[in-house]
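Accompanying notes for the structure given below.
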Number of protein chains: 2
Amino acid sequence: MLDKSHKHITCENCLAKKNSLFKSFCDDQVVDLNAVKTCAYYKKNQPLFLEGSLPRGVFCLNSGKVKVFARGEEGKEQIIHVAKEGEIVGFRAMFSEEPYKVTASTLEESNICFINKSDFLNLVDTNITLRNGIMKELSSELANRVTYITNMAQKSVRGRLAFALILLEEIYAGELINLTREDLANFVGTATETLIRLLKDFKEEGIIQTHGRKIEVLNREDLLKISGA
Amino acid sequence: MLDKSHKHITCENCLAKKNSLFKSFCDDQVVDLNAVKTCAYYKKNQPLFLEGSLPRGVFCLNSGKVKVFARGEEGKEQIIHVAKEGEIVGFRAMFSEEPYKVTASTLEESNICFINKSDFLNLVDTNITLRNGIMKELSSELANRVTYITNMAQKSVRGRLAFALILLEEIYAGELINLTREDLANFVGTATETLIRLLKDFKEEGIIQTHGRKIEVLNREDLLKISGA
DNA sequence: ATGTAAAAGTGACATAAGTCACTTTTTATT
DNA sequence: AATAAAAAGTGACTTATGTCACTTTTACAT
């Protein structure tokens, strides 16, 4: 296993940048960005921020995965999003003066940079392209969530699991999907036992294959069909 | 019944403005706004825009109510939001270059103004307060939808109905909640029959009272308790 | 390497909520 | 005012999904 704990990432050669909101930055903007950001190594299951606390800045994922979740009445996690390298997490909260409504926590070892709220807002104020990118991103997330709400309200758990696996296959691009059954259940919105039984069905139907806890999608087409029912 | 069909609304004396994103506009900004907007009277159940079509501008509700909904796989409506006077509908779509993901349609007679996309974007570009208001609004809607997703995924239909009634009571501030049982079911995310049975339960428990189809909330506290279970 | 705790998985059972088929009531339309 | 059409409401039945109680497996820490 690599020791990533003391790796310092410079924005100039950050590979994740090309998929990020900063992709349009020109060279000296990247230098400026690099000057204000700090880097940190996170172990598995470490929080970036907690529901109820006050936002201090945004988190930019260089590598690793982060789950973003709310808690329902009985404290059950509802995973809203799984962020991957290149994504900026927590920027929604920069524009309201309110505490976080969600918690973000690493799903695996991750390298994550941090940009201070005032520095970030300064960037947004002075860089029209970034600002437009952010407005577009906020809008498209809003549209995504319409789909999520509709799915939750109308699809069967089987359908939602199929949908979730399609999303996760893209998030874990190349790699196998690697989530605890409980996390997966909390993303799909079901009980862990139900989730396990449905995964078993999918396995028996040859739609997926498991390697330990890791899930490989064998037949995306079938998932699409099941998801749309 | 008033004949509202030819009423022309001027932004200068629009009563809905005080609750809107334009509330901070100074006098000459309001004059400019008034110059670019057009007014229209809508009958009940008339669409403002349709899912899949291209956004041409935003709709500003002077009076009346509008439902915003997506369609699930079997064409079933999922009501995402009920907008009331003062709200601007369809502005999310101004910032992405994509077709509408939702349909908006009046729930009752309404007076609705329209602002062209380029005029609106021009306002957003030149007016920092409006822009910040919009970013804040996008953010807070995003946060709201986290709650919706969590509710849909984790609460019982009874709990979701209680939650919906609390929201609707605020939207229909003062008036009685006036929605078809089907619309209400499509907001809560359940079958119409189930919804009717649950309303009956609430009536028997003295939590609500109906006046024809209209619903009066008698005990908000109980709804809060039921919603949070 | 080994023990312990967490995660994965199974089985039996209960029930919330969906579906279908129908009646009654309300709301529009001619 | 009469009729048609839509909405509201009821009953019987089915089933998907949650819950509880438990075993087996995996992962991690000493």
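These figures come from a predicted structure and were not determined experimentally.
When distances are taken from the side chain of A/Thr194 to each of C/dA7, D/dT10, D/dT17, the shortest belongs to D/dT17. Checking C/dA17, C/dT10, C/dG9 against the side-chain heavy atoms of B/Val157 singles out C/dA17 as nearest.
Across the protein-nucleic acid pair, B/Asp183 atom CG and D/dA6 atom P stand 15 Å apart, rounded to whole Å. The CZ atom of A/Arg181 sits 14 Å away from the C1' atom of D/dA27 (whole-angstrom rounding). If you measure from atom CG of B/Asn178 to atom C1' of C/dT27, you get 13 Å, rounded to the nearest angstrom. Atom CD1 in B/Ile196 sits about 13 Å away from atom P in C/dG18, given to the nearest Å. Spacing between atom CG of A/Leu199 and atom C1' of C/dT10 amounts to 14 Å, rounded to whole angstrom units. B/Leu179 places its CG atom 15 Å from the P atom of C/dT27, with the value rounded to the nearest Å. Atom NZ in B/Lys155 sits roughly 17 Å away from atom C1' in C/dA16 (whole-Å rounding). Taking atom CD of residue A/Glu193 and atom P of nucleotide C/dG9, one finds them 12 Å apart after rounding to whole Å.
Look at A/Lys17 and A/Glu12 and you find no salt bridge, because none of the NZ, NE, NH1 or NH2 atoms lies under 4.0 Å from a carboxylate O.
Interface remark: the A/Arg197 side chain does form a donor-acceptor pair with the C/dG11 base, using a distance-only criterion of under 3.5 Å.
Residue B/Asn45 is the one, among B/Asn45 and A/Lys44, whose nearest nucleotide of DNA chain D lies closer to the 5' end (criterion: closest heavy atom). The 5' end of DNA chain C is approached more closely, in terms of each residue's nearest nucleotide, by A/Glu182 than by the other of A/Glu182 and A/Ala153. Nearest-nucleotide positions on DNA chain C place A/Thr180 closer to the 5' end than the other of B/Arg160 and A/Thr180. Comparing A/Gly212 and A/Leu195, the nucleotide of DNA chain D nearest to each residue sits closer to the 5' end for A/Leu195.
Put simply, A/Lys200 has no side-chain N or O that comes within less than 4.0 Å of OP1 or OP2 on C/dG9. For the pair B/Arg213 and D/dA8, the criterion of a side-chain N or O lying under 4.0 Å from OP1 or OP2 is met. Side-chain N/O atoms of B/Ser156 include none lying less than 4.0 angstrom from OP1 or OP2 on C/dA16. The side chain of B/Thr190 places an N or O atom within less than 4.0 Å of a non-bridging phosphate oxygen (OP1 or OP2) of C/dG18.
The main-chain N or O of B/Glu51 is found under 3.5 Å from a side-chain atom of B/Thr103 such that the two form a donor-acceptor pair. B/Tyr100 contributes no side-chain N or O that, together with a main-chain N or O of B/Pro55, makes up a donor-acceptor pair within less than 3.5 Å.
Side-chain polar atoms of A/Asn13 and A/Thr10 form a donor-acceptor pair below 3.5 angstrom.
Rounding to the nearest 0.5 angstrom, the gap separating the NE2 atom in B/His81 from the CD1 atom in B/Ile171 is 6.0 Å.
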